Structure formats: structure tokens, C-alpha cells
Amino acid sequence: MSAPPPTDLFLALTPERVLEAVETAGLPCRPLCYPLNSFENRVYEVELADRTRVVAKFYRPQRWSEAQILEEHGLLAELEADEIPVVAPLEFPGGGTLREIAGILYTVFPRRGGRAPDDLDVPLATRLGRLVARLHLVGARRPFAHRLTIGTATVRADLAWLAAHDRVPRSAAGRYFPLAEAICDEADRALAATPGEPVRLHGDLHAGNLLLRDGLFHVVDLDDSLAGPPVQDAWLLFPGRDRESLALRAAFLAAYEELRSFDRRTLALVEPLRGLRMVRHAGWIARRWHDPIFPRTWPEFGTDEHWQRELEGLTEQLAWIRGERRGEEDDPAQPHRAEPAAEAEPELTNRDFFWDWDG
């Protein structure tokens, strides 16, 4: 196995280079910058000469092409023009929003204050339903030419990589790969039966990618923006199967449908999409293991205990996809039914599904 290119580890990205990059954007800096939480890319808050601050984002090399990144920026510009509260990149002197330094593509954003909401309640879910509908109205205007469409190709490529690099121990591989492939097969069938054309989506719209301050939302981090069914941006916000999560999702969808139609049949995609995300997570960490931040963050990854949990999780998820397990009714108005304690489903939260969650 050949070593990854040095730029994949951002070795050239010294503090001096970060400040130089922002200065190139026509923004004189003070000698102050510090890293913000990000695993995939590198993100820094930089103080300018007037003591205001901006956020410089450096894209992990070889992940997205320049054309794909510019499509992300283009969607952000469209959303901002429609007064949807996103954070679009600043334009550099001479035009454009993307530059390169030391082989690393980067952009600069205005800084927006706020933090991820601790809890989403019905009023916030209602507001988010209208906000996401507006986002999708813009996203439906034209297709992406370069960015990905939701599917199993990337996940299957990760599985092939895991097998080729012997990243799954033999004690687990005999069960892990058939389970993961079965989830991909189920997802292929569900996606093939999905009505409607793909829409440009946020793609990773969980609560950690919302900023809330003084009652105002900002949607951030479209780094994983892709095309697909709108349900992708709904289930990520409300991933739980418990009655409270379903009630929040119902409020979200009711508000969404005030502005844009939503095909309720696509709710059948929630469990297949959840399964793909679970498999993708393992491939993502394994591919990034050479980056020191990953072993520090997931020290148990790759142990026998880790793979046993993966097998248990995928087995359970495949049962959910196939309808062999049942959750609470979608209609939150239905009365609670007494269930044996052993059958009660634990409440699922953002922390269960989103490895970049720091809220």
C-alpha cells in the first residue's frame, strides 16, 4: 500500500500559510488563527486587522474536484440570493470563491455566531420544515453536473477498499461483507422504486449543521451536498424511531408541505439510507486512518469489540430495512400501547448517527 500524498494530511498548512491564504483574499489579518472542529477538512477562524473574524476552509485534497466544490459554492450563492439563511463564501479579488495554496484548495466564509440547538421541539421543527422546503425549491431549479447522486456506488467502493486492504479481521469479514452488501442491495431496490427526479440537497442536514442564535437559524456546511430525494434532509434532522422523534418529523413535514409537496412514499427510504450511512462510516474512518486525528478520535476502531458491534448494528439495521422489526406508529396522535420493557426501543439521537456531532 503506497503512502497517501503529503497534502492529504495538510502537512503544508502551517499557521503562516493559513494567514497568507486569507490575506490573498484581500483581507488583512492579525497574527491570530485557531482551528475549528472538522475531521474531513481543515477549518480555521482568523482575526482580521479590524478585529472582525472570518472562517477559512481548506478542502481535503483528492476528495472533491474543483468543479464539484464550485457547484457547492454555486448552490450557496443561489440560496443566499433567495434570502435563505446559509453562509456563502466570500468572493476573492478578481472574482471567484476558490483558490489554491500549497496544493490545497480553500475558500473564506464570513463568520456567523451561534451553536447547534440542544433540542429540537415542535416550534423549531415547524420552522425547519419551511426552511428546508425553501432550500429544496431552489435545489430543484436545475441539476448538479458534477456532484454525486445518492446511491450505493460510493459505499460499494468503500467495501471493496476494505476487502482489498484487509481492514476487516477474518473473524468478522465472513459476516460483515454479506451484511453490508445486503444493505446496499436493499437500498438499490428502494431507490429504484423512488418517484420523482433528484433534487440538489444539503445532504448532511443534521442538527450539528444548524446554527441557532437569538432565535435565528443559519444552515452551514454543504460540503456533502449531493442530489437525491428530499427525504434525505428530513430523516437526518429527526433520526430517532421513538414517538417524540416521529412527532417532530410530522410537524416538520406538515410545515414543509405548506411550501412544497413531499411524497410520503419516500419515507420508506429512511431505513435503507440509515443503513448506507452506517456502512459508509466504517469505510470513511478506515480510509482516513493515516490522519492522526482519526485514531485519536476513534481509538477502538478496528478492534474485535468494534467489529462485533458493527456486526450487531448491521444485523439489526437489515432487519429494520426488511420490515422484520417494527417501531412506533408514524401518527403521533395514536395512543401509546403498552409494550413489554424488553421490546422498548431506546431513543436514538444525533450522537448515534453523526460522527462529526459536537453539539
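All figures in this text were calculated on a predicted structure; none of them were measured in a lab.
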Ignoring hydrogens and angles, tell me if any N or O in the side chain of R213 forms a donor-acceptor pair with the backbone of H218 under 3.5 Å. no
Side chains of C184 and L159: closer than 4.5 Å at any heavy-atom pair? yes
Looking at E271 and R322, does any basic side-chain N land under 4.0 Å from a carboxylate oxygen? no
Check this for me, if you would: do E71 and R200 make a salt bridge, where the nitrogen-to-carboxylate-oxygen distance has to be below 4.0 angstrom? no
Main chain of I293, side chain of R288: is a donor-acceptor contact present, judged purely on distance under 3.5 Å? no
Non-hydrogen atoms of S225 and L201 that approach each other most closely: OG-O, 2.6 Å
When you compare the side chain of D233 with that of Y256, does any pair of heavy atoms fall below 4.5 Å? no
Short N-O contact, R51 and E47, less than 4.0 angstrom: yes
What I want to find out is whether R277 reaches D204 closely enough, with some N-O distance under 4.0 Å, to be called a salt bridge. yes
Check step by step if side chain to side chain donor-acceptor pair (under 3.5 Å) holds for T266 and D263. CA-CA 6 Å; T266 63; D263 193 325; 5.4 Å; no
W289 vs F301 side-chain heavy atoms within contact, under 4.5 Å: yes
Might you work through the side chain to side chain donor-acceptor pair (under 3.5 Å) test for Q68 and Y59, ending with a clear yes or no? CA-CA 11 Å; Q68 288 172 319; Y59 291 87; over 6 Å; no
Checking D50 side chain against T52 main chain: does a donor-acceptor pair fall under 3.5 Å? yes
Nearest heavy-atom neighbours spanning A286 and R167: O-NH1, 3.2 Å
Would the distance check show the side chain of R325 and the main-chain N or O of E316 forming a donor-acceptor pair, the cut-off being under 3.5 Å? no
Transitively linked via ILVMFWY side-chain contacts under 4.5 Å: F177 with W161? yes
Salt bridge or not for R264 and E257, using N-O below 4.0 Å? yes
How about E324: does its CD atom have over 12 heavy atoms from other parts shown lying under 6.0 Å from it? yes
Describe, in one word, how the ring planes of W298 and F39 are oriented to each other, choosing from parallel (under 30°), tilted (30 to 60°) and perpendicular (over 60°). tilted
Under the ring-ring contact (aromatic ring centres under 6.0 Å, His included) rule, what do F262 and H136 come out as? Steps first, then yes or no, please. CA-CA 10 Å; F262 184 92; H136 289 171; 8.4 Å; no
Any side-chain heavy atom of C29 sitting closer than 4.5 Å to one from E23? yes
When you compare the side chain of D223 with that of R63, does any pair of heavy atoms fall below 4.5 Å? yes
Walk me through it: do E312 and Q308 pass the test side chain to side chain donor-acceptor pair (under 3.5 Å)? CA-CA 6 Å; E312 292 169 358; Q308 183 58 39; 3.3 Å; yes
Please find out if less than 6.0 Å separates the ring center of F238 from that of F252. yes
Flag the pair Y176 / W307 as yes when their ring centroid distance falls below 6.0 Å, and as no otherwise. yes
Give a yes or no on whether a salt bridge exists between R287 and D158, defined as a side-chain N under 4.0 angstrom from a carboxylate O. yes
Kindly say whether A255 contributes a backbone atom to a donor-acceptor pair with the side chain of R130 at under 3.5 angstrom? no
Salt-bridge contact R280-D224 (side-chain N to carboxylate O under 4.0 Å): no
Identified salt bridge (charged side-chain N to carboxylate O under 4.0 Å, His left out) counterpart of E45 within the set R111, R112, K57, R30: R111
Quick check: is L237 connected to L137 through a chain of hydrophobic side chains (ILVMFWY, heavy atoms under 4.5 Å apart)? no
Can you check whether V155's main-chain N or O pairs, donor with acceptor, with T152's side chain at less than 3.5 Å? no
Quick one, R53 and L32 - any side-chain contact, counting heavy atoms below 4.5 Å? yes
L179 vs I183 side-chain heavy atoms within contact, under 4.5 Å: no
